[in-house]
Amino acid sequence: MAEKLLTREKGFSEWYVDVVLKAKLADYSDVKGCMVIRPNGYAIWENMQRVLDKMFKDTGHRNAYFPLLIPESFLRKEAEHVEGFAPQLAVVTHAGGKKLEEAYVIRPTSETIINSMFSRWIQSYRDLPLLLNQWANVMRWEMRTRLFLRTTEFLWQEGHTCHETEKEAEDETLKMLEVYRAFAEDYMAMPVLAGRKSDSEKFAGALRTYSIEAMMQDKKALQAGTSHALGQNFAKAFNTQFQGRDGKQAYVWQSSWGVSTRLIGGLILTHSDDAGFVAPPKLAATHVVIIIIGRTPEERGPVREKAHALAADLKKAGLGVIVDDDESKGPGFKYFEYELQGVCLRVELGPKDLAKEQVVMVRRDTRQKDFVPISQAVAHAEGMLDQMQKDLFAKAKKLRDDSTFEVNSYDELKAKADAGFMLAHWCEDPACEARIKEETAATTRNRPFTLEQKPGACVACGKPSPGRIVFSKAY
RNA sequence: CGGGGCGUAGCGCAGCCUGGUAGCGCGCCUGCCUUGGGCGCAGGAGGUCGCAGGUUCGAAUCCUGUCGCCCCGACCA
């Protein structure tokens with residue numbers, strides 16, 4: 001790992017790939033379009049899972065698991081759904097040495113197979129609401145892939161719920177979007193806009209789709225999570241009915257919502273720098289690395305002892321800690337290596353520090369260097385991590401806010417297409433949306449709930465618009 | 001599917017045009033030395049040159065075919 005990392009200035013997307021590979025987050029596999037998530041990357045995913053899973057449980061959901069293979073006929077039952085996913089399906093046609101009677105598709109999402117079970121499990125309004133979540137892998141055959149951001153197979157969670165009324169289902173849809181917003185901002189330190197997607201951007205088979213949208217360092221948007229109001233579309237396709245309080249049969253109202261390992265890509269594109277990966281403390285795999293410095297065994301012995309004692313204290317405080325006692329590599333080498341891998345804090349501990357009863361503590365993102373009495377090391381580390389979490393969010397938010405503009409003409413929209421988020425009036429005609437995409441490469445991201453809606457004139461055609469929507473280039 | 005590129009040691013590459021003992025850097029192993037921002041020295045291990053045919057006395061190199069991957073455009077979390 002002797003070569004330097006590419007810089008963002010020189011080529012943003014090459015830099016991104018370089019960070020992923022050199023920080024050992026993931027690697028290309030021998031399967032086209034598929035990646036291997038390495039321990040450094042998987043640890044981040046495990047932390048995300050742990051936090052999100054608790055949030056789902058706290059909002060009343062339970063985990064379940066459904067099959068990877070879905071009978072092809074299931075997908076066909078919902079017309080819009082199959083049309084949307086058909087180009088991306090991988091299909092199993094042979095098994096056990098024979099051609100199958102009916103082919104199976106490898107799940108691109110699980111609405112259909114889950115509904116096939118819902119229809120068996122639900123009889124009465126007393127069975128509702130039914131609130132499930134599944135952690136799983138899915139497969140979507142993509143034309144063009146990018147590590148974490150878009151791969152053929154990826155890991156995600158998909159929530160699937162059934163409700164008695166449309167309002168309840170809608171409330172659930174928005175509640176889970178809010179869970180995603182809170183997770184993105186409070187844990188990933190990634191500011192997002194929560195809002196509604198345009199019809200052309202909505203999930204195949206949904207009535208309405210909502211998303212959280214983040215701005216990456218190159219000012220392009222990343223859709224970081226989606227929540228769908230499915231209405232009764234799948235319920236009708238699978239006959240998922242219940243007997244209501246009035247004694248009549250009715251179709252359930254449903255929601256579904258998901259986030260994926262794409263979030264790890266979002267984390268990288270939001271916080272990392274020319275020295276490598278930067279992880280927000282709340283999701284970091286390793287919070288502290290203690291580097292032992294010393295020339296001779298006489299010097300290293302006491303330092304080592306102190307380092308392990310400190311590591312134990314830090315672990316007791318709930319932090320992820322590594323003690324690096326490898327004598328075959330110099331300290332300088334290690335500084336670069338751990339910065340590359342995104343360890344939040346570096347503690348340097350050598351003979352000079354022992355003499356002064358102190359440690360040197362360096363923050364990954366700012367390289368702020370503090371000399372701290374050993375007795376206060378744990379508290380100081382916690383303080384630095386806390387501040388780092390806040391600062392990462394503030395920095396990302398400033399970039400986004402500084403790169404968000406109101407645009408009032410088509411010329412302006414064309415001119416600012418690379419400058420960030422553009423708030424523009426749109427008449428809701430898909431033709432205008434398509435034309436803008438064609439001519440500027442910017443697409444509608446969502447209509448943020450926080451953006452006050454006042455009527456205006458569509459930037460493309462001049463017809464009345466109900467309010468501004470976010471346009472941006474996107475991943 | 002269209003356009004471009006690449007397959008030679010774990011990684012990055014040279015060699016190919018003009019056929020003749022398979023090389024360099026990094027990494028790895030051993031020993032010594034060093035350690036507060038990518039140490040140094042010495043020795044060493046490691047490759048059916050993507051695969052299959054063909055031309056030739058002889059192919060990494062020339063020809064044909066084939067497979068795979070990456071990058072750029074049209075679908076998507």
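Quick caveat: nothing in here was measured; it's all calculated off a predicted structure. Throughout, protein chains are lettered first and strands after them, A, B, ... in sequence-line order, and every chain is numbered starting at 1.
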Task: Base versus backbone protein contacts along nucleotides 72-77 of chain B [heavy-atom cut-off under 4.0 Å; B, S, -] - done: SSBBBB
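- Between A/Ala194 and A/Leu177, the closest heavy-atom pair is CB-CD2, 3.9 Å.
- The gap from the P atom of B/G23 to that of B/G31 amounts to 28 Å, rounded to the nearest Å.
- We find that CZ of A/Phe336 is positioned 12 Å from P of B/G36, with the value rounded to whole Å.
- As rounded to the nearest Å, B/U35 and B/G40 have P atoms that lie 14 Å from one another.
- Residue A/Arg346 places a side-chain atom within donor-acceptor reach of the base of B/G37, judged by atom type and a 3.5 Å distance cut-off alone.
- Between A/Asp325 atom CG and B/U35 atom P there is a gap of 16 Å when expressed in whole angstrom units.
- A 4.5 Å side-chain heavy-atom check between A/Arg262 and A/Phe148 finds every atom pair outside the cut-off.
- Following rounding to the nearest Å, A/Glu337 (CD) and B/C26 (C1') show an atom-to-atom distance of 14 Å.
- Between A/Phe277 and A/His271, the distance from one ring center to the other does not fall under 6.0 angstrom.
- Put simply, OH on A/Tyr28 is 12 Å from P on B/G12, counting in whole angstrom units.
- No contact: A/Glu299 has no heavy atom under 4.0 Å from any strand.
- With a cut-off of 3.5 Å on both Watson-Crick or G-U wobble distances, the partner of B/U55 is given as none.
- The separation of B/U64 from B/C71, taken at their C1' atoms, amounts to 27 Å, rounded to a whole angstrom.
- Across B/U21 and B/C26, the matching P atoms stand 26 Å from one another, rounded to whole Å.
- A/Leu21 has its CG atom 18 Å from the P atom of B/G10, to the nearest Å.
- Across B/U8 and B/C24, the matching C1' atoms stand 12 Å from one another, rounded to whole Å.
- Taking atom CZ on A/Arg295 and atom P on B/C39, their separation rounds to 16 Å, with Å as the unit.
- Taking atom P in both B/U55 and B/U48, the straight-line distance is 25 Å, to the nearest Å.
- Spacing of P atoms, B/G20 relative to B/G15, comes out at 13 Å, to the nearest Å.
- Contacts of A/Val138 with the nucleic acid, taken as non-hydrogen atoms under 4.0 Å apart, are absent.
- Along RNA chain B, the nucleotide closest to A/Ser328 and the one closest to A/Ile293 are compared, and the more 5′ of them pairs with A/Ile293.
- Judged by the 6.0 Å distance and 45° axis criteria, A/Arg346 is positioned over the aromatic ring of A/Tyr335.
- The nucleotide B/C39 finds no pairing partner, because no Watson-Crick or G-U wobble arrangement with both distances shorter than 3.5 Å includes it.
- Atom CZ of A/Arg38 is separated from atom P of B/C11 by 12 Å (rounded to the nearest Å).
- Aromatic ring orientation, A/Phe154 versus A/Trp156: perpendicular (interplanar angle above 60°, classes split at 30° and 60°).
- Ring stacking is absent between A/Phe333 and B/G38, as the pair misses the limits of under 5.5 Å between centres and under 30 degrees between planes.
- Looking at A/Glu348, its side chain has no donor and acceptor atom pair within 3.5 Å of the base of B/G37.
- Taking atom NZ of A/Lys329 as the reference point, atom C1' of B/G36 lies 18 Å away to the nearest angstrom.
- The partner of B/G7, taking Watson-Crick or G-U wobble pairs whose two distances both stay under 3.5 Å, is B/C67.
- Between A/Phe203 and A/Tyr210, the gap from one ring centroid to the other reaches at least 6.0 Å.
- For A/Phe56 and A/Trp257, the distance between ring centers is under 6.0 angstrom.
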Open item on the list: What verdict does the side-chain hydrogen bond (donor to acceptor under 3.5 Å, both in side chains) test give for A/Asn115 and A/Gln254, after you've listed the backbone C-alpha separation in whole Å, the side-chain angles of each residue and the deciding distance to 0.1 Å?
Closed with: CA-CA 10 Å; A/Asn115 263 279; A/Gln254 297 182 306; 2.9 Å; yes
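- Side-chain contact between A/Val138 and A/Glu153 is absent, with no heavy atoms from C-beta onward closer than 4.5 Å.
- Base engagement by A/Glu339 is indicated by at least one non-hydrogen atom pair under 4.0 Å involving a base atom.
- If you take atom P in B/U61 and the same atom in B/G44, they sit 31 Å apart, rounded to whole Å.
- When both pairing distances are held under 3.5 Å, B/C24 makes a Watson-Crick or G-U pair with B/G12.
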